[in-house]
Amino acid sequence: MEVKTSNANLLQWTGDGLAIGFFEGKLELIGDLENLNDKLAGAIQEIITEEKFEAKINSIIFTRLIGGSQVRKIIVVGLGKAEDFNLESLRTAAASIIRVAKKQKCKSLAISLPICNNLAETAKTITESVELAVYEDNRFKSEPENEKNTIETVDLIGLVGQEEAINLAHQICSGVILARELVAAPANEVTPITMAETAQKLATEYNLHLEVLEHGECENLGMGAFLGVAKASDIPPKFIHLTYQPQGIPRRKLAIIGKGLTFDSGGLNIKSASSSIEIMKIDMAGAGATFGAAKAIGQIKPDVEVHFISAVTENMISGCAMHPGDILKASNGKTIEVNNTDAEGRLTLADALVFADKLGVDAIVDLATLTGACIVALGNNIAGMFTPNDELAKQLDIAGYKAGEKLWRMPMENKYFEGLKSSIADMKNSGPSAGSSITASLFLQQFIKNTPAWAHLDIAGPVWTDKESGVNNVGATGFGVQLLVNWVMS
Ligand code: BES
Ligand code: MG
Ligand code: ZN
């Protein structure tokens, strides 16, 4: 499928599906619309009246035109009130258009929606929504259940000159789709070894520098926290570090870290069915977003140096599993009493944060499916943002808003660190269940020393969806990639 601009206006365009957006209370057909309606023998007015269409947000209707007319189907989409119009309305509208056009077997589709903010943002947002809503994952079906997507071309009307924005959106989407595919693939497909192979492919294809630290090298660096988690797995852990280096002097230097548990059984504090053990293939979604961002950044080539890091392993059980109560030493020398082997993400992140903290970057952002408590607090559409740095919080907020990936800043209440006090080691890895997303973030903070700005995003909720919503179909959402790319480029 290709998204492109079209020189044709509403009156000139010919093809299978023509989608037109309307604001609530502004349904009169004037100008080009009036002429088009006349040309189509009043079909647009007829369907609006017949269906009592009010253009409320999320509403969509369509009709088949008689044979021989310039378009086969007219799709009329509601945008809500003009004064509430924003990028989110644009996304919702574009995604619903795609769902209808797919069902209606359109091959060629044209989209005419109003401008939001400016031409470039409009073109980027529509293109992203189209590409993400159209995507479906049929890799593991011997015969695809859903009929194949028929859409071949999507023409954006009124956006001539925005080819660069469309291309940017396309590059970002290729990263989102990589993240979706990594997260949706089960733990017998995506392992620490295949993650290192994927990193190798990215490095080759996009000219990134790749460093993969094997078990022995991690040991030499003193990564006892990461290796403690890896102990029970038959698959060797991989510490993956991809670097994008721009030509010339970088405007800034950043590090992105993703939690990379290709499966989280909980370890000896094993998860039960009620804590969704069967979905724990998603526990590498932070790494998935990190790799997705690397794929996009490798194509976009901004003037910013970016490090993409993940300490990848599984959290399993075996005779050599870490025991509840074990004491581990992280690479900054801090000792950790593992009072819960299911709080493993923060152990792997601890060594990844220490590693990133030594790179001399201006800021570090980590993304992790870290706590069930964050899902309880914010639900499935919003990620928790934890940072002591107001400026970074602001940057990420804007990046998330522009991406349609919502963040909500959470408090880093220092007093709660008491919950992690250990009588035998420097700290425990888990505290009381009340406020456990907050104690998790305070734990991570212990591993940052030199870097001026750090933020932790708890993405446990939004990386997966059980129902179709907005640009997401059921399954992995690829959450984080768009916001990371926006942030790097800001
Ligand atoms: N991977 C889980 C968190 C998670 C839960 C992700 C649900 C996605 C969906 C994490 O490793 C975990 O087990 N967290 C524990 C921490 C607790 C033991 C302190 C949790 O949230 O229950
Ligand atoms: Mg766990
Ligand atoms: Zn986990």
Side-chain angles (χ1 to χ4, degrees), residues 182-184 186-187 190 192 225-226 228-233 237 257-289 310-317 321-322 324-326 328 336-350 352 366-384 386 410 416-417 419-422 427-444 456-466 475-477 479-480:
L182 288 170
V183 175
V190 166
F226 171 42
V229 176
K231 268 176 80 182
S233 174
I257 302 176
K259 173 177 171 182
L261 267 291
T262 57
F263 189 72
D264 178 14
S265 71
L268 285 172
N269 291 101
I270 196 162
K271 286 183 184 295
S272 58
S274 64
S275 54
S276 323
I277 191 170
E278 75 287 349
I279 192 74
M280 281 305 144
K281 65 174 183 182
I282 69 166
D283 217 16
M284 37 58 67
S310 186
V312 187
T313 186
E314 300 180 305
N315 187 23
M316 299 296 281
I317 48 174
M322 64 176 170
D326 279 1
L328 305 176
I336 305 156
E337 177 187 1
V338 182
N339 61 331
N340 192 323
T341 61
D342 198 10
E344 84 300 335
R346 62 198 76 180
L347 296 171
T348 64
L349 289 167
D366 77 70
L367 297 91
T369 47
L370 206 62
T371 63
C374 201
I375 311 179
V376 174
L378 299 175
N380 279 106
N381 284 324
I382 307 168
F386 300 81
M410 303 282 274
Y416 291 2
F417 193 70
L420 294 176
K421 280 239 162 82
S422 164
M427 65 193 113
K428 296 192 291 193
N429 74 328
S430 82
S433 64
S436 87
S437 308
I438 299 175
T439 41
S441 72
L442 295 171
F443 178 93
L444 297 179
H456 156 61
L457 307 181
D458 193 330
I459 58 173
V463 298
W464 187 264
T465 177
D466 289 327
T477 60
F479 185 94

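Whatever order the structure lists ligands and atoms in, that order sets their numbers, starting from 1. Atoms considered below: every heavy atom in the structure, side chains included; atoms not considered: hydrogens, waters and symmetry mates.
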Within 6.0 Å of OH in Tyr416, more than 12 heavy atoms from elsewhere = no
Distance filter under 4.0 Å to Arg346 heavy atoms, resulting ligand 1 atoms | 16 (C), 19 (C)
Is Asp283 salt-bridged to Lys259, going by a charged N under 4.0 Å from an acidic O?
-> yes
Among protein heavy atoms, which lies nearest atom 7 (C) of ligand 1, and at what distance?
-> Met280 CE, 3.5 Å
Output the list of atoms in ligand 1 that are nearer than 4.0 Å to some heavy atom of Ile375, sorted by atom number.
-> 7 (C), 9 (C)
Closest heavy-atom contact between Val463 and Val183?
-> O-CG1, 4.5 Å
Could you check which N/O/S atom of Asp264 is closest to the Mg ion (ligand 2)?
-> OD2
Charged N to carboxylate O below 4.0 Å: is that the case for Glu278 and Lys271?
-> no
Euclidean distance, Thr371 OG1 relative to Asp342 CG, rounded to 0.5 Å | 11.5 Å
List the atom of Ser422, the atom of Lys428, and the distance in Å for their closest heavy-atom pair.
-> CB-CG, 3.6 Å
Hey, what do you get for CD1 (Ile257) to CG (Leu457), rounding to the nearest 0.5 Å?
-> 11.5 Å
Where is the nearest protein heavy atom to atom 2 (C) of ligand 1: which residue, which atom, and how far?
-> Asp264 OD2, 3.6 Å
Mind checking whether Asn429 has a heavy atom under 4.0 Å from ligand 1?
-> no
To the nearest 0.1 Å, how far is atom 6 (C) of ligand 1 from its closest protein heavy atom, and which atom is that?
-> Thr369 O, 3.6 Å
Exercise: identify the closest heavy-atom pair between Pro186 and Lys281 | CA-CD, 3.7 Å
Per-atom filter on ligand 1: closer than 4.0 angstrom to a heavy atom of Ser430 are 19 (C)
Answer yes or no for Lys259: is there an N/O/S atom below the 2.8 Å cut-off from the Zn ion (ligand 3)?
-> yes
Any N or O on Lys259 sitting closer than 3.5 Å to an N or O of ligand 1?
-> yes
When you measure from the Mg ion (ligand 2) to each N, O or S atom of Glu344, which atom gives the shortest distance?
-> OE1
Does Asp342 bring an N, O or S atom to within less than 2.8 Å of the Mg ion (ligand 2)?
-> yes
Could you tell me which N, O or S atom of Asp264 is nearest to the Zn ion (ligand 3)?
-> OD2
What atoms of ligand 1 come closer than 4.0 angstrom to any heavy atom of Lys271?
-> 2 (C), 12 (C), 13 (O)
Shortest non-hydrogen contact between Ser310 and Gly258, atoms and distance = OG-O, 2.7 Å
Check each atom of ligand 1 against the heavy atoms of Asn340 and keep those under 4.0 Å away; list them by number with element.
-> 18 (C)
What closest approach, in Å, do Ala184 and Trp464 show between heavy atoms, and which atom pair accounts for it?
-> CA-CZ3, 4.1 Å
What closest approach, in Å, do Ser265 and Ile317 show between heavy atoms, and which atom pair accounts for it?
-> OG-N, 4.3 Å
What do you reckon, is CG of Asn340 surrounded by more than 12 foreign heavy atoms closer than 6.0 Å?
-> yes
Which of the N/O/S atoms in Glu344 sits closest to the Zn ion (ligand 3)?
-> OE2
Between the candidates Cys374, Ser436, Gly372, Gly266, which shows the shortest non-hydrogen contact distance to atom 22 (O) of ligand 1?
-> Gly372
Closest protein heavy atom to atom 14 (N) of ligand 1, given as residue, atom name and distance to 0.1 Å = Leu370 O, 3.3 Å
Protein contact of atom 12 (C) of ligand 1 - nearest heavy atom, named by residue and atom, plus distance | Asp342 O, 3.2 Å
Short list, please: which atoms of ligand 1 are under 4.0 Å from a heavy atom of Glu344?
-> 11 (O)
The answer for which part of Lys428 has a heavy atom under 4.0 Å from ligand 1 is neither
Of all the N, O or S atoms in Asp283, which one sits nearest to the Zn ion (ligand 3)?
-> OD2
Please examine the side chains of Ile336 and Phe443, heavy atoms only from C-beta on, and report whether any two atoms are closer than 4.5 Å.
-> yes
Kindly confirm whether the Zn ion (ligand 3) is within less than 2.8 Å of some N/O/S atom in Asp342?
-> no
